[in-house]
Asks: 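Provided herewith is a single structure, encoded as structure tokens, for subsequent inquiry.
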Amino acid sequence: MGRIIAIDGPSGAGKSTISKLLAEKLGFMYIDTGAMYRTAALLALEAGIPLTDGRRVAELCGDLEFSFRVEGDRVRVVCNGRDVTAAIRTHEMGMHASDVSKNPEVREALVELQRALGRRHDAILEGRDIGTVVFPDADVKFFLDASLDERARRRHKELAEKGEAVTFEEVRETMRKRDMNDSRRAIAPLRPAEDAIHIDTTGKDIPAVIDELVQHIRERIS
Ligand code: DC
């Protein structure tokens, strides 16, 4: 079993940027579990399977192989040899992923893949339920958060840089809905593990947050 660092929190809290940099710094494997739910939604849509059909979407997920290649501050998501990065990183696919992630069968299939990856490597997993469900015995657990306005600003900037025509208000509203969707679902809702370290990233720059996390990690992992 590798050493596991769990990073959970709502969208736009800075999880991705921070997890990637931290993984590079510590030499851990980076696993983006949100990208796995996004890919499940993408493949289901392409196959014409309704996102509510948990059994059929889960069947699609059973034999998927993911790799996450960190290249500087970007990550390439490759699923069964196909680069899905651009297709899954859209505003819309975030909401579809949130919908597909409500299905227990889909969660079961993807959690199994996540555990198998984590068992083989020292890994940093980012998501919503890593510290509560996927790896409740993780060596270190963080819960990253920030105000809704700041999270929406960050996400809007990211999407604008990629050329997606979406307004700040739209991003903010979708984010609010997605948070509600993720926090209120019956299975593995977004919530901090009891032993998670809470970090509010509002107004903080990335290097400062990384330093804070590294300090906690060093105290817990030798
Ligand atoms: O982190 P993200 O925005 O890429 O995640 C997309 C959606 O996937 C998110 O709205 C909820 C779902 N998700 C989940 O249910 N459990 C995870 N561990 C990660 C993501």
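Whatever order the structure lists them in is the order used to number ligands and atoms, beginning at 1.
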Asks: Arg154: what forms a side chain to side chain contact (heavy atoms under 4.5 Å, CB included) with it, not counting sequence neighbours?
Replies: Ala146, Glu150, Thr201
Asks: Look at the rings of Phe142 and His216 and say which category their plane angle falls in: under 30° parallel, 30 to 60° tilted, over 60° perpendicular.
Replies: perpendicular
Asks: Any idea which atoms of ligand 1 are less than 4.0 Å away from a heavy-atom of Ala97?
Replies: 6 (C), 7 (C), 8 (O)
Asks: For ligand 1, indicate whether the residue Lys102 contacts it via side chain, backbone, both or neither (heavy-atom separation under 4.0 Å).
Replies: neither
Asks: Using a 4.0 Å cutoff against the non-hydrogen atoms of Asp129, which atoms of ligand 1 qualify?
Replies: 16 (N), 17 (C), 18 (N)
Asks: Is the closest side-chain donor-acceptor distance between Asp83 and Thr85 under 3.5 Å?
Replies: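 Yes - a donor-acceptor pair under 3.5 Å links their side chains.
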Asks: What pairs with Glu158 under side chain to side chain contact (heavy atoms under 4.5 Å, CB included), at least two apart in sequence or on another chain?
Replies: Arg155
Asks: For ligand 1, is there an atom lying under 4.0 Å from some heavy atom of Gln114?
Replies: no
Asks: If the cut-off is 4.0 Å to any non-hydrogen atom of Ser98, which atoms of ligand 1 fall inside it?
Replies: 7 (C), 10 (O)
Asks: Looking only at distances, can you tell me whether any N or O atom of Asp32, backbone or side chain, sits closer than 3.5 Å to an N or O atom of ligand 1?
Replies: no
Asks: Just to confirm my output: which protein heavy-atom neighbour is closest to atom 6 (C) of ligand 1, and how far is it?
Replies: Arg178 NH1, 3.4 Å
Asks: Please indicate whether any nitrogen or oxygen in Arg38 is less than 3.5 Å from any nitrogen or oxygen in ligand 1.
Replies: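 There is such a contact, yes.
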Asks: Please say which of Arg128, Arg178, Met180 ends up in a side chain to side chain contact (heavy atoms under 4.5 Å, CB included) with Leu190.
Replies: Arg128
Asks: Where the closest heavy atom to atom 15 (O) of ligand 1 is concerned, which of Arg107, Met36, Arg128, Lys15 has it?
Replies: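 Nearest option to atom 15 (O) of ligand 1, by heavy atoms: Arg107.
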Asks: Which of the atoms in ligand 1, numbered in the order shown and given with their element, are less than 4.0 Å from a heavy-atom of Thr33?
Replies: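 The list of qualifying atoms is 17 (C), 18 (N), 19 (C).
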